[in-house]
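Order of the sequence lines fixes the chain letters, A, B, ..., with proteins taken first and strands second; residue numbering starts at 1 for each chain. Note that these values count all heavy atoms, side chains included, but never hydrogens, waters or copies made by symmetry.
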Amino acid sequence: MRLTPKSATLIVLALLVAITPFFFPSGYYYRVGALLFVNGIAVTGIVILTGYAGQISLGHAGFAGIGAYACALAPVHWGLHPALAAVLGAAISAVLAYLVGRPILRLKGYYLGVATLGFGILVSMVLNNERQLTRGPDGIEVADLGLREVLKGWGLNLTNGEFWYFFCGLCLIIGAWLALNLHNSPTGRALRALHGSEVAARTVGVDVARFKLQAFVISAVYASVAGSLLALQNKFITPDVAGFMHSVEMVTMAVLGGVGSVLGAIFGAGILTLLPQVLTVFAEYEQMVLGLVMLLVMIFLREGLLPSILKKFWGKDE
Amino acid sequence: MSDLLSIEGLGISFGGLKAVNDVSFRVRPGEIVSVIGPNGAGKTTLFNMISGVYLPGAGRVMLDGADVTGMEPHLLARRGMSRTFQNLQIFQSMTVLENVITGYHLQEKGPVVADILGLPSSRRRARKAMAGARELLERVGLTRAAEREAGNLSYGSLKRLEIARALALDPKVLLLDEPAAGCNAVETEEIDHLIAEVAASGVAILLVEHDMKMVMRISNHIVVLDHGEKIAEGDPATVSQNPAVIAAYLGAENAHG
């Protein structure tokens, strides 16, 4: 029996989440793993927007910022449970993506890239400057999700690191599953069609503007959820989460691993999350390395690392 | 029978130059109407106006009794117009089968939430489209290539793939822009049969084609363009006798051949 790419991806991810902890030299690596999964979620959203629909965003960190600060602010100001705050953040991100995307996505070319860039900067500026609300660049603490205590009550006693590792791992698997469902669905086909040839997609009846907008909204929700998870596990968040560098990081991870495939993009997220851990010097040269990686991948491995590797080993069939 | 497609005084200018000027004709159900003319006569421009890619500067396009002038292509698709392209517009990185399934977009689309959750309703829609697509691939002889990436197909196969995708819309009006260009004699004949078959099922077909033998063989009616103007029209026998046509087009062709 041949595995479909969908089940293969999900099995690989599940094994990865379940087995790697056995090789962790210390509890610290749970944290690194959780961070990797959070990045994986954000990048899966980029796969839907860029890999499926062929649209570019340089401002998705803005949505991550909204997700993160929703978790910081809504529990304090409205007494919302942090989990509901994350849902609220996702809803706000979706609405904003719809409002921002609607006028832009009707246009062609690079307008989307530039406009999203502006959107990201705007969110970042608000988070930095509205001190009485966000406490500005110093950051703000975030309430505890409380799920770990609930699990403890059920007799499942996890350390903080373990809890966030498995929780984010589970979220990533769900996120990947949804994205893979989309890939082979009528909507996914319409997205990939308009990516391949917009004029042909129109002639078969695809409402191109509408489907681009859907992809944009869905990917914004992914980024928002990733931002929420980041804020909740750190119990603290700074406006950097919405910064331009974070947006670029997301795109770089996806492009490096392979923006056309969910597993590839997560692979890219893995590499760029682990690299700074392995090479401490990397932190200093991060921007330079990101730029270089982008350049080399674009020149030599247009499809990204993972698809290129798979092609090499399995031949053209994958 | 009433007209399915009626072109009334259609015209467009690019930078002051009249690319197409005051062209009128009609296509009835089951009829094959061909637009011919030398290179640069404005055939593809005319096609692009009819199919909503360009906004006409003058005139009207009537589809099944309704004015659809300048309507966006995806809305025209809903009203039953479908087309192929002179320089192929294939979804390169999708499989051959997926390309044709995409032609069923209007039938298979549904709530995005159902699609993202992989609900049974979404799968049902997709399965139905896939069954139809497989039948169409069979019809154009591409069954064996179904799972291949479309970008890897030969030119002739891609031409047929595009026709299959256009047929997936179950169109009332089908616009074919040089469907046999770049195809060998056998492939041309296959496409010939296919077009005749589609027309016989009651579809109105508008054809742009360079292969004069094919045009003369399958057309019910021919419209001749030169420098963006209609210089003649009629059945194949009449048109091929028309002195203006011979001078503008057939003459040039004969001189080369």
Side-chain angles (χ1 to χ4, degrees), chain A residues 2 4-7 10 44-45 48 51-52 54 94 106 174-211 213-215 217-219 221-222 259-261 302-303 307 311 316-318, chain B residues 48 51-53 72-85 88-95 98-119 121-126 128-130 147-152 162 165-166 168-169 171 175:
Chain A
R2 273 197 63 173
T4 61
K6 177 172 147 186
S7 28
L10 292 176
T44 304
I48 293 172
Y52 295 1
R106 293 200 170 272
I174 293 172
W177 175 67
L178 295 174
L180 292 164
N181 281 342
L182 191 66
H183 186 268
N184 277 331
S185 74
T187 302
R189 259 191 294 282
L191 293 177
R192 288 182 291 138
L194 75 88
H195 185 183
S197 163
E198 219 174 293
V199 63
R202 284 159 169 274
T203 53
V204 296
V206 176
D207 185 345
V208 166
R210 193 188 135 149
F211 277 90
L213 193 55
Q214 280 182 356
V217 169
I218 293 168
S219 68
V221 170
Y222 272 85
V259 74
S261 95
R302 291 294 291 271
E303 290 176 56
K311 250 185 195 169
K316 277 203 151 174
D317 255 83
E318 289 202 16
Chain B
N48 282 336
S51 63
V53 177
E72 284 191 72
H74 72 269
L75 297 175
L76 287 172
R78 275 183 211 180
R79 287 167 175 266
M81 186 189 286
S82 175
R83 73 168 287 187
T84 66
F85 296 87
L88 297 161
Q89 294 287 342
I90 292 288
F91 309 128
Q92 302 271 352
S93 58
M94 292 166 84
T95 67
E98 281 181 316
N99 263 273
V100 183
I101 297 176
T102 308
Y104 284 96
H105 172 75
L106 290 172
Q107 286 181 46
E108 74 158 353
K109 76 184 166 96
V112 63
V113 176
D115 284 355
I116 217 174
L117 291 174
L119 295 184
S121 69
S122 162
R123 288 161 194 238
R124 219 170 14 244
R125 282 185 269 121
K128 213 175 140 200
M130 193 193 287
E147 307 301 334
R148 283 174 60 190
E149 206 167 271
N152 298 332
E162 252 204 349
R165 188 180 66 196
L169 276 84
L175 278 59

pair B:Ile116-A:Asn181: side-chain heavy atoms closer than 4.5 Å: no
Interface moiety of [X] toward chain A, non-hydrogen atoms closer than 4.5 Å:
{"X": "B:Glu72", "value": "side chain"}
{"X": "B:Val112", "value": "both"}
{"X": "B:Ser122", "value": "both"}
{"X": "B:Arg148", "value": "neither"}
{"X": "B:Thr102", "value": "both"}
{"X": "B:Leu76", "value": "neither"}

Side-chain donor or acceptor of B:Asp115 paired with backbone N/O of A:Ser185 under 3.5 Å: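 Such a contact is absent between B:Asp115 side chain and A:Ser185 backbone.
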For [X] and [Y], work out which heavy atoms get closest and say how close.
{"X": "A:Ala200", "Y": "B:Phe91", "value": "CB-CE2, 3.7 Å"}
{"X": "A:Arg189", "Y": "B:Glu98", "value": "CD-O, 4.0 Å"}
{"X": "A:Thr203", "Y": "B:Leu169", "value": "O-CD2, 3.5 Å"}
{"X": "B:Leu106", "Y": "A:Val204", "value": "CG-O, 3.9 Å"}
{"X": "A:Gly205", "Y": "B:His105", "value": "O-CD2, 3.5 Å"}

Residue list, ring pair (Phe, Tyr, Trp, His ring centres under 6.0 Å) with A:Tyr52, at least two apart or on another chain: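 Applying ring pair (Phe, Tyr, Trp, His ring centres under 6.0 Å) to A:Tyr52 gives A:His183.
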Closest-packed option against chain A by number of heavy-atom pairs under 4.5 Å, given B:Glu147, B:Met94, B:Met81: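 The residue among B:Glu147, B:Met94, B:Met81 with the greatest pair count is B:Met94.
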Option that, when pairs with chain A are counted at under 4.5 Å, heavy atom only, ranks first among B:Gln89, B:Arg123, B:Glu108: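 Ranked by contacts with chain A, first place is B:Glu108.
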From CG (A:Asp207) to CZ (B:Arg78), nearest 0.5 Å: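 The CZ atom of B:Arg78 is 6.5 Å from CG of A:Asp207, to the nearest 0.5 Å.
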Euclidean distance, A:Arg210 CZ relative to B:Lys109 NZ, rounded to 0.5 Å: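 Going from the NZ atom of B:Lys109 to the CZ atom of A:Arg210 covers 6.0 Å.
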